[in-house]
Protein chains: 2
Amino acid sequence: MGMSRWKPDAQTRLVQAALELYGERGFEQTTVAEIAQRAGLTERTYFRHFADKREVLFGGSTVFEETLIHAIANAPDVATPIDAVVVGLDAVAEAMFPPERHDYARRRQAAIMANAGLQEREQSKFASLVAALVVALGQRGVDEPTARLTAEVGVVIFKVAFERWVDGDQHLDLSQLIQESLRDVRGVTAGEGSAVGAAA
Amino acid sequence: MGMSRWKPDAQTRLVQAALELYGERGFEQTTVAEIAQRAGLTERTYFRHFADKREVLFGGSTVFEETLIHAIANAPDVATPIDAVVVGLDAVAEAMFPPERHDYARRRQAAIMANAGLQEREQSKFASLVAALVVALGQRGVDEPTARLTAEVGVVIFKVAFERWVDGDQHLDLSQLIQESLRDVRGVTAGEGSAVGAAA
DNA sequence: TACGCGATGACAGACGCTGACATCACATGC
DNA sequence: GCATGTGATGTCAGCGTCTGTCATCGCGTA
């Protein structure tokens, strides 16, 4: 029977409350105290779960990173660096961004796109991802300069694919969009003196 | 004698003071009030010159952007998108990062690398650069997806080259490092139908 | 001489974030 | 059972960031 002293899933409630309020009034017009109150908690407790006002929208980033790194470590030895990264991105797409999550992702992205500070944090997460990718590639024996550039390109591929996924219909498959994004990047950098290829 | 009511170059003094203090005590251990005081001003006046505590280290970003966009608009019509971007980056390198500035760049970069919040802002500036590049490439007739990816890759090229320039000896030429970085990126994405494909 | 402008100062206040200490259901060991 | 410890939360005080508002006053201009 024992109603526990506190309702469970405080963290989840905070995320939910924040997403609602950011959607209703916008990020800047929302105070942390309000988020906490809607979640049935106090401001102080909010800061025990999240480092700052922005971080509440980026809780999944560590799972993202771990999934990616793990998949890259297990990629076939014969895979080129960029292909290994894409394998990892596919694993993330499957594990974290199934069709059911499309709507949540849309609301979250809408909040981020409406505020410069949140975009800043998102950029920061991508940069952290690059750093993790460099380590993962290094463990595959990839030399540092190649690892760095492969990591950066890999993140670009994901950014573009994710953007298309969020903006598009929910039936689109993120893994497939990642493949398309990879092809596009190859097209961009292919030319020795490549003839532009203005076509879409 | 016309001692003006205020000393000139308030903005420059604020940047100088901030760079000194961030170097001496670190970013977080420095208050805006202290920066303003060292510059002979008040905290309120600091915020009239810079939007927030971080922005004092990123004043050059608009000049950077304008120089880049202008050079791209004037690049030869036959240049591929990525080559046009590199032409722009060379223009920036020449205009904003001559050898004399190497030491300033080093101190600034040291401050940024020592604080997550400042790195966040730097990432944000690069993202803004991507957006500007997309517009500039669009005006050259480049289609959107290609423009986006070219812009992202172009920024990666600059990031890597700039990093090498800052970390290296001052006699290194940034333009030259940009060319090397471009070659490296082409190497990374070169693979055509490279095997693997283990992906789902 | 009067007037407006522009850069700055002074002050109050909201909000983000942190440290320190108190509370109390629950688990654990005796 | 009973004492004790633990973990998540609440409460309170306080610093620092950032903004709105009004006052100051040298300078250019009519």
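Lettering follows sequence order; numbering is per chain, from 1.
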Applying salt bridge (Lys or Arg N to Asp or Glu O under 4.0 Å) as the test, list every pair that has at least one member in residues 134-156 of chain A; sequence neighbours left out.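 Salt bridge (Lys or Arg N to Asp or Glu O under 4.0 Å) check on residues 134-156 of chain A returns R148(A)-E152(A), R148(A)-E163(B), E152(A)-K159(B).
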
Which pairs would a plain distance check flag for residues 103-116 of chain A, meaning a side-chain donor or acceptor within less than 3.5 Å of a matching protein atom at least two apart in sequence or in another chain?
| unit_1 | atom_1 | unit_2 | atom_2 | d |
| --- | --- | --- | --- | --- |
| R108(A) | NE | L57(A) | O | 2.7 |
| R108(A) | NH2 | L57(A) | O | 3.3 |
| Q109(A) | NE2 | E122(A) | OE2 | 3.4 |
| N115(A) | OD1 | G117(A) | N | 2.9 |
| N115(A) | OD1 | L118(A) | N | 2.9 |
| N115(A) | ND2 | E28(A) | OE2 | 3.4 |

Interatomic distance where CD belongs to E43(A) and C1' belongs to dG16(C) [whole Å]: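 Roughly 7 Å, once rounded to whole Å.
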
Would you kindly give the CG-to-C1' distance between L41(B) and dA7(C), to the nearest whole Å?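 Value for this atom pair: 10 Å.
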
Taking side-chain contact (heavy atoms from CB on, under 4.5 Å) as the test, write out the residues that go with N74(B), two or more places apart.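 Applying side-chain contact (heavy atoms from CB on, under 4.5 Å) to N74(B) gives H70(B).
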
If the condition is salt bridge (Lys or Arg N to Asp or Glu O under 4.0 Å), which residues does [X] pass it with, not counting sequence neighbours?
X       : result
D90(B)  : none
D173(B) : none
R13(B)  : none

Selected nucleotide, minimal atom distance to T45(B) side chain, candidates dC17(C), dT8(C), dT9(D):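 Looking only at side-chain atoms, T45(B) lies closest to dT8(C).
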
Interface with DNA chain C, restricted to residues 15-33 of chain A and to heavy atoms under 4.0 Å: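 Those residues whose heavy atoms fall under 4.0 Å from DNA chain C, taken from residues 15-33 of chain A in numerical order, are T30(A), T31(A), V32(A).
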
Go through residues 52-63 of chain A and report each residue with a non-hydrogen atom lying under 4.0 Å from DNA chain C, sorted by number.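 Those residues whose heavy atoms fall under 4.0 Å from DNA chain C, taken from residues 52-63 of chain A in numerical order, are D52(A), K53(A).
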
Distances under 3.5 Å between protein N/O atoms and the N/O atoms of nucleotides 19-23 of chain C, please, pair by pair.
| unit_1 | atom_1 | unit_2 | atom_2 | d |
| --- | --- | --- | --- | --- |
| dG19(C) | N7 | R44(A) | NH2 | 3.0 |
| dG19(C) | O6 | R44(A) | NE | 2.8 |

For D184(B) and S181(B), test the side chains for any donor-to-acceptor distance below 3.5 angstrom and give the result as yes or no.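 D184(B) vs S181(B): no donor-acceptor pair found between side chains.
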
Does T42(A) place a side-chain N or O at less than 4.0 Å from the phosphate oxygens OP1/OP2 of dG10(D)?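 For dG10(D), OP1 or OP2 has a side-chain N or O of T42(A) closer than 4.0 Å.
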
Please report, to 0.1 Å, the donor-acceptor pairs under 3.5 Å made by any side chain of residues 125-137 of chain A, with sequence neighbours excluded.
| unit_1 | atom_1 | unit_2 | atom_2 | d |
| --- | --- | --- | --- | --- |
| K125(A) | NZ | E55(A) | OE2 | 2.7 |
| S128(A) | OG | E65(A) | OE1 | 3.0 |

Distance-only donor-acceptor pairs under 3.5 Å for side chains of residues 15-27 of chain B, two or more places apart:
| unit_1 | atom_1 | unit_2 | atom_2 | d |
| --- | --- | --- | --- | --- |
| E20(B) | OE1 | R38(B) | NH1 | 2.8 |
| Y22(B) | OH | K53(B) | O | 3.0 |
| E24(B) | OE1 | R38(B) | NH2 | 3.3 |
| E24(B) | OE2 | R38(B) | NH1 | 3.0 |
| R25(B) | NH1 | E34(B) | OE1 | 2.9 |
| R25(B) | NH1 | E34(B) | OE2 | 2.9 |

Pairs in or reaching into residues 141-164 of chain B: which pass ring-ring contact (aromatic ring centres under 6.0 Å, His included), with residues at least two apart or in two chains?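 Non-adjacent pairs meeting ring-ring contact (aromatic ring centres under 6.0 Å, His included): F64(B)-F158(B), F97(B)-F162(B), F158(B)-F162(B), F162(B)-W165(B).
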
